[in-house]
Structures are given as structure tokens and as C-alpha cells.
2 protein chains.
Amino acid sequence: MSGKELRRSMPLFPIGTVMQLTELTARQIRYYEEHELISPARTDGNRRLFSLNDIDRLLEIKDLIDQGINMAGIKQLLLVKDQQANVIQQQAEKAKQELTDEQLRNLLRQELQQAGRFNRSSLRQGDMSRFFH
Amino acid sequence: MSGKELRRSMPLFPIGTVMQLTELTARQIRYYEEHELISPARTDGNRRLFSLNDIDRLLEIKDLIDQGINMAGIKQLLLVKDQQANVIQQQAEKAKQELTDEQLRNLLRQELQQAGRFNRSSLRQGDMSRFFH
DNA sequence: AAACCATGTTAGAAAACCTAACATAACGTT
DNA sequence: AACGTTATGTTAGGTTTTCTAACATGGTTT
């Protein structure tokens, strides 16, 4: 969690930009923070600064809300998803350096299954491709 | 110039963020705009909004300034570089749809040579990778 | 030395953002 | 049907960020 992650988690965007990118109102974004669905950084002057990860998260939240899920539900879902992401990443790292090809194939299969399980939120992962590159 | 370009040219960052990312002062950034080295977008409220391309450009400008080049020089260099980029991209597009493999190889070789010619600014192209992904 | 260049600094105004409070429509519960 | 809760809208007053314009300054060029 150094290279890539450090960058995608870099606080860069003020709330106005995020509003446009996500089509959420400031009120909504602040409300979601209040309920700990996101934790944007702050400037010295206390203004919120959002990272690409934050924006991805907000897009996911929007999705889940459209599905009729409430704050509590979303919170749990995001939590589980984060955990899975962590586990998967750790395993991937481990795998890459010390496992056999056979085991590697297993892992990949596992990852793909995981991806399909919890709604298709995994597919939304990295949705920022809409805006960049 | 639709997909990728549209995104990289999307106005997203306020000047404060750009200052941090480029380590330039607000005064410098505004001065460069005054001399038409960049043309950031504006919000309805007249605040500057910078794109990834703008930031790339500012990093290039910084580089050229470190090399002792003045506004006029930088302006010309950026102009030429833009033209080259256009030409190359057009050629690339043409090539991809209607040229033979042989010709394609030629083009690629050409691109690489061009890249080396004008200082190494072409290598700085896409420097934002420092911050993202 | 005079002029110019790139940048710093300051002042006053306007925009964007902040928190807190109250309002409300939709919904579920009693 | 009345009530409480949830997610969001709206408003108010205050703070931060950015804006332009002007003047200041050290380093170059002429």
C-alpha cells in the first residue's frame, strides 16, 4: 500500500468539483461523512479535500442508495468490501512472491468469485476511468 | 481528441491544489497564464480550474524555467511541442486504420526519434503518473 | 544607470466552503 | 391516523480561498 495507493488516496479535490463529478449535493456528501461512509481529508483551513478513492466511494454509495439501501446497510457493505479488498490484496502480494503457479491460479479464481458475489460493486471499482485517461 | 483527451482536459483542480502538486506559487501560475503559457478554465465565479493537462504543462514550464528559458522561449517551445503532438497523433490514427505493418513500424520509429529531439520534455509527458495510479 | 523580467507582497472584494439549525417529504411503526 | 425516523433541502452567519490590481524588489540586459 505504498505506490499506487498513496496516489489514489491523495487529497486533491474540493467539494465543488466532487459535486460535479458525482452529481451529489454538498448536503449529501457531508451527510455521508457524518455517517462515516467517507472520511475526506481537510486543508489547514478546514475545507474538505477528496481523493480519487473518496470519489470512487461516493459513486458506490450513490449506487447503493439507488438500490434502496440505507446508511447503516451501506456502511456495512463498504466495510466488508474494504476487508475483502485488503485480504485479496495481501494474498495477491504474498502469492506473487512465494506461491506456486497452481496456487496462483487458485487465488485468481477465488478473486473472480468474490468479485461476483456482493452485488456488482466490484465492477464499479475504478470507475474514475470515466473521467481520466 | 474525444475519449482520453476529454478527460485529461477536464477542469478539476483549484489553484491551491495545483500549487501543492507543482510547487509553484499562485503568483507564478497566474503570471504564466498572463503570458498565455496555460489557459485554465474558470468556474462561474471566476475561479481558475485546472486540468491534468494544465498541470502537466505547468511541470514542463517549471522545467524549462529551471533551464533558464524565458516566457517567450517557453511559449514557442510549448507551441511547437503541441503541434508535434497533433501531427503525431493524427498520423498515428491514420496509420492505425489504413497503413501497412511496414509503414506502422516506420511511424513508431519516427515517434521515438521525435520524442528524443526536443529536450526530454516528451519524457515528462504524463508526469502526473507521479500522483496517480 | 535605466529598463526589464520574474516573482513577492499587500489590500479589498467576491466566491466557495464551513457548521449548525430548522424544514420537509417519504416511509415505517405504533 | 398520528408519530418518529431518515435523507435531504434551505437558510444564516462566519471563515477560508481565490480574484484582480497595484506596488516592491533582486537579478539581467542594454
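Any value given below was found using the heavy atoms of this structure, including those in side chains, with hydrogens, waters and symmetry copies removed. Naming convention: chains lettered A, B, ... in sequence-line order (proteins, then strands); numbering from 1 in each chain.
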Trainee: Would you say that Arg48(B) contacts Phe13(B) through its side chain, given a criterion of any heavy-atom pair below 4.5 Å between the two side chains?
Mentor: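 No, their side chains stay 4.5 Å or more apart.
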
Trainee: Atom CD1 of Ile74(A) and atom C1' of dT6(D): how far apart are they, to the nearest Å?
Mentor: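 So the CD1-C1' distance, Ile74(A) to dT6(D), works out to 12 Å.
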
Trainee: At less than 4.0 Å, is any side-chain N or O atom of Arg42(B) found next to OP1 or OP2 of dT20(D)? Yes or no.
Mentor: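 Yes, such a contact exists.
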
Trainee: Tell me: NE2 of His35(A) to P of dT5(D), nearest whole Å?
Mentor: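 Rounding to the nearest Å, NE2 of His35(A) and P of dT5(D) are 13 Å apart.
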
Trainee: For Glu23(B) and dT7(C), give me the distance from atom CD to atom C1', rounded to whole Å.
Mentor: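 For the pair Glu23(B) CD and dT7(C) C1', the rounded distance is 17 Å.
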
Trainee: Ignoring hydrogens and geometry, is there a side-chain-to-backbone donor-acceptor pair from Lys62(B) to Thr22(B) under 3.5 Å?
Mentor: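 Side chain of Lys62(B) to backbone of Thr22(B), a donor-acceptor pair under 3.5 Å: yes, one is there.
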
Trainee: So, applying side-chain contact (heavy atoms from CB on, under 4.5 Å) with Ile38(A), which one of Ile55(A), Leu78(A), Ile29(A) is it?
Mentor: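 Testing each of Ile55(A), Leu78(A), Ile29(A) against Ile38(A), the sole residue satisfying side-chain contact (heavy atoms from CB on, under 4.5 Å) is Ile29(A).
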
Trainee: In this structure, how many angstroms lie between the C1' atom of dT17(D) and the CD1 atom of Ile15(A), rounded?
Mentor: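 Taking atom C1' of dT17(D) as the reference, CD1 of Ile15(A) is at 15 Å.
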
Trainee: Can you tell me the distance, in whole Å, between the CG atom of Leu24(A) and the P atom of dA7(D)?
Mentor: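 Rounded to the whole Å, the gap is 14 Å.
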
Trainee: Nearest to the side chain of Arg47(A), heavy atoms from C-beta on, is which of dC19(D), dT8(D), dT15(D)?
Mentor: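 Side chain of Arg47(A) sits closest to dT15(D).
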
Trainee: Which nucleotide in the set dT7(C), dT8(D), dG9(D) lies at the smallest distance from any side-chain heavy atom of Tyr31(A)?
Mentor: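 Out of dT7(C), dT8(D), dG9(D), the nucleotide with an atom closest to Tyr31(A)'s side chain is dT8(D).
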
Trainee: Can you tell which of dA6(C), dA16(C), dT10(D) lies closest to the side chain of Thr43(B)?
Mentor: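 Of all the options, the side chain of Thr43(B) is nearest to dA16(C).
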
Trainee: Let's see if you can work this out: which of dG9(D), dT19(C), dG8(C) has an atom nearest to the side-chain heavy atoms of Asn46(A)?
Mentor: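 Nucleotide nearest to Asn46(A)'s side chain: dT19(C).
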
Trainee: Name the closest nucleotide to the Gln28(B) side chain, picking from dC17(C), dG8(C), dT19(C).
Mentor: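 Selected nucleotide (nearest to the side chain): dG8(C).
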
Trainee: Starting from the 5' end of DNA chain D, give me the residue, Gly45(A) or Asn70(A), whose nearest nucleotide shows up first.
Mentor: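 It is Asn70(A) whose nearest nucleotide is closer to the 5' end.
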
Trainee: Whole angstroms only, please: what is the CD1-C1' distance between Ile29(A) and dT8(D)?
Mentor: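 Interatomic distance, CD1 of Ile29(A) to C1' of dT8(D): 13 Å.
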
Trainee: Measure from CD on Gln20(B) to C1' on dT17(D) and round the result to the nearest Å.
Mentor: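 Value for this atom pair: 13 Å.
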
Trainee: Looking across every strand, which nucleic acid part, if any, lies under 4.0 Å from Arg48(A) by heavy atom: base, sugar-phosphate, or nothing?
Mentor: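 The answer is sugar-phosphate, as Arg48(A) gets under 4.0 Å only of primed atoms, P, OP1 or OP2.
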
Trainee: Phe50(A) or Arg27(A): which one's nearest nucleotide on DNA chain C is closer to the 5' end?
Mentor: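 Result: Phe50(A).
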
Trainee: Measure from CD1 on Ile69(A) to C1' on dA7(D) and round the result to the nearest Å.
Mentor: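 For the pair Ile69(A) CD1 and dA7(D) C1', the rounded distance is 15 Å.
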
Trainee: Any side-chain to backbone donor/acceptor pair from Gln28(B) onto Thr25(B)? Under 3.5 Å, distance only.
Mentor: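 At least one qualifying donor-acceptor pair exists.
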
Trainee: With side chains defined as the heavy atoms from C-beta onward, is the minimum distance between Gln67(A) and Leu64(A) less than 4.5 Å?
Mentor: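 Yes, close enough: below the 4.5 Å cut-off.
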
